[in-house]
Amino acid sequence: MQERYNPAEIESRWQEQWEKDKVFRVVEDAEKPKYYLLEMFPYPSGRIHMGHVRNYSIGDVVARFKRLQGYNVLHPMGWDAFGMPAENAAIQHGTHPAAWTIENIANMRVQLKKMGLSYDWDRELATCTPDYYRWEQLIFLRMLEKGLAYKKSAAVNWCPSCETVLANEQVEDNCCWRCDSTVIQKELDQWFFRITAYAEELLAFTERLPGWPESVLTMQRNWIGRSQGCEIEFAVADQEQKIRVFTTRPDTLFGATFMSLAPEHPLAAALTTPERRGEVEAFIRRIQAVDRLQRTSDDFEKEGVFTGSCCINPVTGRQMPVYLANFVLMEYGTGAVMAVPTHDQRDFEFARKYALPLQVVIQPEGETLEPATMTGAWEGPGIMVNSGVFDGLDNETGKARIAEHLEQLGRGRRTVNFRLRDWLVSRQRYWGTPIPIIYCDACGALPVPEEQLPVVLPTDVSFTGEGGSPLARLESFVKTACPRCGGPARRETDTFDTFVESSWYFLRYACPDYGHGPVERAAVDYWMPVDQYIGGVEHAVMHLLYARFWPKVMRDLGMVGIDEPFTNLLTQGMVCMETRSCPEHGWLYPEEAAGERCSRCDAPVVVGRNEKMSKSKKNVIDPDGLIARYGADTARLFTLFAAPPEKGLEWNDQGVEGSSRFLHRVWRLVGEHFEVVCSAGAVDPAVLDESARNMRRQIHRTIRKVTDDIDGRFQFNTAIAAIMELVNGISGWPDKNRHPAVLREALETVVRLLGPFVPHIAEELWRELGHGDGLEAHGWPACDEAALAASSVLIVVQVNGKVRGKVTVPADADDQAVRETALADANVARFLEGLTVRKVVVVPGRLVSVVAE
RNA sequence: GCCGAAGUGGUGGAAUGGUAGACACGUCGGUCUCAAAAACCGAUGCCCUCCGGGCGUGCCGGUUCGAGUCCGGCCUUCGGUACCA
């Protein structure tokens, strides 16, 4: 055995062996229980970052652990390969998105392989290949047939100068990131998926996902935002038009004194009287220049404009002036709100600003509200007043009664409204899945016939960043024949949101080469659902909601048989680091800021906040350097040991040394004893002395702890700490040489427990300990309950809540005996002197708490 | 703004309502060495009148024999907020 631990040599040797033998390749096997472990696939940005290292190290521990437990483990990897950065690179550096992406994938694949991750690389997929997206196009056609995909108008961020659509992240302070022009909201005809048709089911199933973090489920429930309420029709005075509103507070209908519409409301123009037109149009223009987040925040000034028209309150007959208001959104409800200033804070502020009337209709218990003296709206419960026949009812009863009343009048009905909106999937970009639609002037919008799929993304395009999508300018792509009449027609040039690809890739992993449909039913039936999904907490709502939606659609299309794709979910925290910048040269990479001075101008660097590692702020650590210097095992061990997975991880180089030192120590410990150990026999518990029994107790306590920490809690940091304690215990065990069999059990346990975390060194040491076959053949070590038994326990004694003594009692002592021993302790007695004992609480095996005064 | 988290020594973190600080990093002292590195041993929350005791888990209050943990109210930081993925 080599004296010195040499990770570079060991790791490349094992990685080659794993690759050559395809040891992580899996096939369906009805004899074995399956376990599908999936980490969120990466966007191929060019280099892996510490967040990937963390995510994939966590996943690999679980994959290897489950394999050791005898599961048939599917552990795939692939590439979320469409997206904006490829297009930005094309605009900035002239590289083609496809070439850029393929090169990035090649680089990152090498990096991942250097980490020793146990993937079945035969299942690798990239979403930018026609073999993948052709099936996405097919599913879209099926959704179209079922009415689950449709087209409607929606607003986008538009830069008038670049003549292009901007992503939210490309808008800075309402200005275009490239040219600084003011961004406006522009209406475009766009494709949507009808996710709202699944709102009830997506919500209901949040109750059936016990393996998900409650915080994620709560966020999803709030995002879906189901609310029970009432749709009410308001007639417009002197016109045929009707305004429909949604309200959760029909009980306040008698207090509705005006109407607020979204500035984008389709009736806005029709209701505007000629003399108001100028002011109204100016207001609409102004609101379009404000982003939605700002518009709806509570501290944003409530503003509006009178249209000149009035509508009629269906129960009071009162004329209600119709306003356009900045805080009303077209996307929520019906885009119109009946304004009850006395019982809604936003309406209250609005009414005060524009001197609109207030009418109290709910009186809280023990108070009498007067419009003249109110300083805010009363949004709580109360008794109905000024509400005709409904006076005297409590408002909850009133909600139902007024709803019934409106239904009888034919002026309203009870409805359920969702905050969730349909999913806008059109992107006016090049690097994405082409939407398979053809537009014919004679026949309209038609699906591309199935046999013509895939609609392949052409590669002969040029990138300027201006003038809209490069696809739309490519004649050879746009010009086509109408599939119905054969006349000249145009192709759809929008591509899909990249969230579409990531909404079903986990299904495709079950059968990545299947050529007759999106998925092979038998393979999906065997592998799905994913048993454990692991990824960043930043995906808690959007990706994870879309990825729950698509399988449900595919189920209803008869393609899969599952309701939910992910049985268990682990959301990992982000890897963060302080930013460093130079007043002269901007953000600095860590190596440019060595010694806290800028490497270029020697100015003192400014140390910024701790933030998510990102290329743009240069607060990144390149895992390659780490692996080259310490080896993959150390890099894995450190990221796992530094913090529990859910927590954010602040990068700190110094900790890495510690992890490396530990592996060197384990190597030496085995090296010093492997000859003795290899010739040792099996442990005979009957002949052991106390020292050996104590050693065995620690061995088996550690097995139990590590098993529980990996399996139930994903607390890898404490699992590793426990193994470190065991190693410390073995090193300091004075009777090592008297008990070769126990020493062998101890060392073998360390190596086996380390296997999932640091597979290369563990496999190597396992062979050194004289085993001809691999770790996996021996499975996961079992905890011997008999070895755990201890003869005595330490009991802490508290007097009035403070620790005053510690006593050792036999493990089987009863409460009375424990109590007596505790009270007899010298220090305890000292603190009880002159006091009367009122109460003694005995917690078996733990503590005695004495209350005295 | 809204939704969801987090806050514990110099640092990362540990603690089924039961000894706060496991395990590491760092620092200090020591052993070995001509010297250094590596390795090993020891100390290390703060304070005091230091063989003992007091105070300590973001802040304020509450429940309990006992609260880092449970409850109420704040503060700060982070994530998401529908075209970043």
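So that the names make sense, note that chain A is the first sequence line, chain B the second, and so on, each numbered from 1.
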Measure from the side chain of [X], starting at C-beta and using heavy atoms only, and say which of [options] lies closest.
{"X": "Asn168(A)", "options": "A85(B), C84(B), C40(B)", "value": "C84(B)"}
{"X": "Phe831(A)", "options": "A82(B), A24(B), G53(B)", "value": "G53(B)"}
{"X": "Thr718(A)", "options": "G13(B), A15(B), C40(B)", "value": "A15(B)"}
{"X": "Lys806(A)", "options": "U19(B), C84(B), A82(B)", "value": "U19(B)"}
{"X": "Glu538(A)", "options": "A85(B), A20(B), A22(B)", "value": "A85(B)"}
{"X": "Val803(A)", "options": "U19(B), G13(B), C23(B)", "value": "U19(B)"}
{"X": "Lys647(A)", "options": "A82(B), A24(B), G13(B)", "value": "G13(B)"}
{"X": "Asn157(A)", "options": "A14(B), C83(B), G18(B)", "value": "C83(B)"}
{"X": "Arg661(A)", "options": "C25(B), G53(B), A15(B)", "value": "C25(B)"}
{"X": "Ala167(A)", "options": "A82(B), C83(B), C40(B)", "value": "C83(B)"}

Between [X] and [N], is there a contact of a side-chain N or O with OP1 or OP2 at under 4.0 Å?
{"X": "Arg668(A)", "N": "C40(B)", "answer": "yes"}
{"X": "Arg701(A)", "N": "A22(B)", "answer": "no"}
{"X": "Arg427(A)", "N": "A85(B)", "answer": "no"}
{"X": "Asn717(A)", "N": "A24(B)", "answer": "no"}
{"X": "Lys802(A)", "N": "C55(B)", "answer": "yes"}

NA contact type, [X], heavy-atom cut-off 4.0 Å: base, sugar-phosphate, or nothing?
{"X": "Leu420(A)", "result": "base"}
{"X": "Gln190(A)", "result": "base"}
{"X": "Ser426(A)", "result": "base"}
{"X": "Met40(A)", "result": "nothing"}
{"X": "Ile720(A)", "result": "nothing"}
{"X": "Ala540(A)", "result": "nothing"}
{"X": "Arg4(A)", "result": "nothing"}
{"X": "Arg713(A)", "result": "sugar-phosphate"}

Distance between [atom1] atoms of [N] and [M] (Å, rounded):
{"N": "G62(B)", "M": "A15(B)", "atom1": "P", "answer": "29 Å"}
{"N": "A67(B)", "M": "U57(B)", "atom1": "C1'", "answer": "11 Å"}
{"N": "G30(B)", "M": "C23(B)", "atom1": "P", "answer": "24 Å"}
{"N": "G10(B)", "M": "G18(B)", "atom1": "P", "answer": "25 Å"}

Are there any protein N/O atoms within less than 3.5 Å of an N/O atom in nucleotides 61-70 of chain B, and if so, which ones and at what distance?
from: C65(B); atom 1: O2; to: Ser849(A); atom 2: OG; distance (Å): 2.7

Aromatic contact between [X] and [Y], with the criterion being ring centroids under 6.0 Å apart: yes or no?
{"X": "Tyr505(A)", "Y": "Phe41(A)", "value": "yes"}
{"X": "Phe350(A)", "Y": "Phe327(A)", "value": "yes"}
{"X": "Tyr133(A)", "Y": "Phe82(A)", "value": "yes"}

Next item on the list: For the residue pair Gln185(A) and Glu264(A), confirm or rule out a side-chain donor-acceptor distance under 3.5 Å.
Entry: no
Notebook entry, point to check: Pro213(A) and side chain to side chain contact (heavy atoms under 4.5 Å, CB included): which partner among Thr571(A), Leu570(A), Val537(A)?
Noted result: Thr571(A)
N/O to N/O distances under 3.5 Å, protein versus nucleotides 3-5 of chain B:
from: C3(B); atom 1: O3'; to: Asn222(A); atom 2: ND2; distance (Å): 2.7
from: C3(B); atom 1: O2'; to: Asn222(A); atom 2: ND2; distance (Å): 3.1

Next item on the list: Could you point out which residue of Tyr198(A), Trp423(A), Phe496(A) forms a ring-ring contact (aromatic ring centres under 6.0 Å, His included) with Tyr546(A)?
Entry: Trp423(A)
